[in-house]
Novice: 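Could you have a look at this structure, given as structure tokens, before my questions?
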Amino acid sequence: MTSAQQAQTVVSAALGNATLTLDRATRTISATIKLDGITATAAHIHTGSAGADGPVTFPMTVAGDTATLAATVLTADQLATLDAGGFYFNAHSTAFPTGEIRGQIGREVFASHLTGSQFYAAPVESLGDADGFLALDPKTSTITGSVTLHGIVGTEVQVRPGTFGQAGNPMFSLADSGDHVHYNVPVGTKLSATDIAGLRAGGLYFRVITAAHATGELRGQIGRQILLASMDGLHQVPSTASAATGKGFVVYDPATRKVSGSVTLAGMDGTAAHIHQAATGVNGAVIVPTDKTDGKNFSISASAAALTFDQAKALLTEGTYYNAHSAASPDGEVRGQLKLVTNDAAPVLHIVSPAPGVSLARGEGVPGKGTFNGTGFSINLEMISRDAGGIAANESLNVRDPSLLGKPNPNLPTLQVTFDADLIKPDGTIIAAGTNLAPLFNIAGSDDTPGAGVTLWAGWHVLESFREETKVVTIKASITDKSGRVATDIVNYKLLDGHVSGQGLTPKDAGLPGDGIDDADGPEVTMIAPRPGSTISTGPLTGLPTPPSNASLMFIQVSALDKTGAGIAVNENGEGKADADRGTMLDGTQIGAHGPNRNFPGLVFTFDVPLLQPNGNLVPAGQNLAPLFNIVGSEKDPGGVRSTAGWVVGGTLVVPAGKTTVTAMARVTDNAGKSGSTTSTFGISAVQNGQALTPAP
């Protein structure tokens, strides 16, 4: 009996060894369960097939670590149910009143949880997961079973041979029930003796094929639980400055508490690696050693002892970690907590701006002689959490604190953003390559994505310059959610020759005015944030908004591509403002004057509902809100210069009763008077305060 066989998700290291004796001539049964690691409040024999809950049929008597069923006579129908594998043992506890461990009578049940992360070599970023099982009748070699998908639809579900990390060819496919969500093992399917041995050894896995992932979106080892660890120096206690990383996995057999697994290192030569027992941030003793293959690879020995109950409990509740040691750091150079993929919904991070394939301006600054005419691009990050845990953030129109450069940004404490090249500040001093640049970000906001997750956005207008010898820059960004799961994106960009600045890519002064009508040769305008399908917070519906504590706080990104080279006027580095405000484009006094943003005069942005500002001013639907935008930057696309502007809405969208959507329109006019526009419509989130979408740091 194991927790993995429960129809509802249960994480427990408890076990049960159950025996049922049948006198077929008299249809009399008796039973005993020997419990290990569970203080049972009750135990029963239930009626129900594998993977499904059913009612209590025969209560058992619990005394200490033993549960018994006295001699009981079955009806003829009950005997038929027993022969068909339709009864199961279940032991209940205070922690799990509906059942902590379970075992199907007369069947060997092998449960599986499927995730995209179990494609270990190349994890798939799936918004779904799945649960499945195979039930073996050892007398006939016949199997039954099913897989149920959550959050996605499939085109095929297969059973394949292969241990974790290995791929095999399909053995057979499950039958689609018709909804592309529920798949069942075809009736009468039998396994060979070799395949049965593989099943018992954890050598079979489910693979789910979808329209989006023809080679597989989800995978799950059958009869085993998978734990993963991402290792770095930051999580070492105390942390190290090592740039080395590692990844490791553990395959846990819930029926025996035995483990297998391995660690792979990058950027270091390891002298040893182990599994230690301790919670995050605490050091603990070694509980599982590994064998060294070479300085980069370590594997748990096949002869490693089974875990004790306490060790297994720690393993399944994030109380163990992989640690890799080196000659330079004998106490440990990199570390990563082991986490079950049972609730695998790692966040996703995208560097959406600059766009892939563009070139960036180098900037006019040189060491010792800086300037505000720097590289001048906007970097915007899209960070999608996929469960209710979320990504900690204080959303605001101003999350910047340059005094914390190199340290965590307290408003986005798990954000790490680095360039692999030096930056020259406007004062001529140097920000070294590899420095955490998160404290330089200007704005952060959110929207409510479909499902349990939320999309958090952050933006920064980069005023700094690159050194003349830098030809290519790599931007790396990572974020960690509240469950400790990490998302990373890495993008390379070429730099333009010479000391051109981002401001130099665009004229400062506007040309011909537009007529409010789109032109075929006008700018190509896109609204990237929020994404279609998202819902947005309105801000408080009573009283005034009080950003950053209570407001809409939705993040808006508008980009305009100057296809014809006519130029789109932008004062992106804030010339004319105080030094502390350089790099921002806010021109808020123009709201009262009903004028344009003088830093981006060709931008028009409207909502189809009024906007209530914190000062009580009500901006009517359709009025240009461009003066409220925070940042804008430019980059060189193969098709022209692209300017990208961002805004976090610090007011309340006053949505009339009965209206269920908000539509935004963005129009950009170039210096030839040609215009292009786009619209996007968003639903209304049940969460009024945007800050409430993300957990506090």
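The figures that follow rest on heavy atoms only: side chains count, while hydrogens, waters and symmetry mates do not.
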Novice: OG of Ser634 to CG of Leu360: how many Å apart, nearest 0.5 Å?
Specialist: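 One finds 11.0 Å between OG of Ser634 and CG of Leu360.
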Novice: Looking at Asp481, Val454, Leu415, Thr414, which one forms a side-chain contact (heavy atoms from CB on, under 4.5 Å) with Met383?
Specialist: Leu415
Novice: Might you confirm whether atom NZ of Lys476 has over 12 heavy atoms from other residues, nucleotides or ligands at distances under 6.0 Å?
Specialist: no
Novice: Would you compute the distance between atom OG1 of Thr694 and atom CG of Leu412 and round it to the nearest 0.5 angstrom?
Specialist: 9.0 Å
Novice: Return yes when atom NZ of Lys407 has more than 12 non-hydrogen atoms of other residues, nucleotides or ligands closer than 6.0 Å, and no otherwise.
Specialist: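 Counting other residues, nucleotides and ligands, NZ of Lys407 stays at 12 neighbours or fewer.
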Novice: If we ignore angles and hydrogens, is there a donor and acceptor under 3.5 Å between the side chains of Asn492 and Thr474?
Specialist: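 The criterion, which ignores hydrogens and geometry beyond distance, is satisfied for Thr474 and Asn492.
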Novice: Looking just at side-chain N and O atoms, do Asn373 and Ser501 make a donor-acceptor pair shorter than 3.5 Å?
Specialist: no
Novice: Any chance you could lay out the side chain to side chain contact (heavy atoms under 4.5 Å, CB included) test for Leu586 and Leu397, step after step, and finish with the verdict?
Specialist: CA-CA 10 Å; Leu586 182 65; Leu397 287 69; over 6 Å; no
Novice: Aromatic rings Phe441 and Trp460: how do their planes relate, parallel, tilted or perpendicular, breaks at 30° and 60°?
Specialist: tilted
Novice: Could you walk me through whether Ser378 and Asn380 pass the side-chain hydrogen bond (donor to acceptor under 3.5 Å, both in side chains) test, one step at a time?
Specialist: CA-CA 6 Å; Ser378 287; Asn380 289 335; 5.4 Å; no
Novice: Can you list the steps and then say if Leu440 with Glu464 is a side chain to side chain contact (heavy atoms under 4.5 Å, CB included)?
Specialist: CA-CA 11 Å; Leu440 301 183; Glu464 291 73 16; 4.3 Å; yes
Novice: Does any part of the side chain of Arg531, heavy atoms only, come nearer than 4.5 Å to the side chain of Ile384, both counted from C-beta?
Specialist: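 No; the side chains remain at least 4.5 Å from each other.
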Novice: Determine whether Asn617 and Val619 satisfy the following criterion, side chain to side chain contact (heavy atoms under 4.5 Å, CB included), listing intermediate values before the conclusion.
Specialist: CA-CA 6 Å; Asn617 180 49; Val619 184; 3.6 Å; yes
Novice: With a 4.5 Å heavy-atom cut-off, do Lys659 and Ile684 have their side chains touching?
Specialist: no
Novice: Do we see a donor-acceptor contact under 3.5 Å between the side chains of Gln557 and Ser353?
Specialist: no
Novice: Going by the rule side chain to side chain contact (heavy atoms under 4.5 Å, CB included), which residues pair with Glu575 if we only count those two or more places apart in sequence or in a different chain?
Specialist: Lys508, Asn571, Asn573, Arg582
Novice: Give, for atom CG of Asp518 and atom NZ of Lys674, the distance between the pair rounded to the nearest 0.5 Å.
Specialist: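 Spacing of CG (Asp518) from NZ (Lys674) equals 12.0 Å.
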Novice: Calculate, to the nearest 0.5 Å, the distance between atoms CD1 and OG1 belonging to Ile424 and Thr375 respectively.
Specialist: 11.0 Å
Novice: Name the orientation class of the two ring planes belonging to Phe629 and Phe605 (parallel below 30°, tilted from 30 to 60°, perpendicular beyond 60°).
Specialist: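 Ring orientation, 0 to 90° scale: perpendicular.
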Novice: Are the side chains of His461 and Thr584 in touch, meaning some heavy atoms are under 4.5 Å apart?
Specialist: no
Novice: Just checking, any donor-acceptor pair under 3.5 angstrom between side chains of Glu364 and Thr371?
Specialist: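 No, because no side-chain N or O of Glu364 sits under 3.5 Å from a partner of the opposite role on Thr371.
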Novice: Are Asn394 and Ser396 linked by a side-chain donor-acceptor pair shorter than 3.5 Å?
Specialist: no
Novice: Let me confirm one number: the OH-CZ distance from Tyr493 to Phe419, rounded to the nearest 0.5 Å.
Specialist: 9.0 Å
Novice: I'd like to know if the side chain of Thr681 pairs up with that of Thr663 as donor and acceptor (distance under 3.5 Å, no hydrogens or angles considered).
Specialist: yes
Novice: Passes side chain to side chain contact (heavy atoms under 4.5 Å, CB included), Phe600 versus Ile568? Steps please.
Specialist: CA-CA 8 Å; Phe600 195 166; Ile568 298 173; 3.6 Å; yes
Novice: Which value, rounded to the nearest 0.5 Å, describes the distance between Asp515 atom CG and Thr669 atom OG1?
Specialist: 8.0 Å
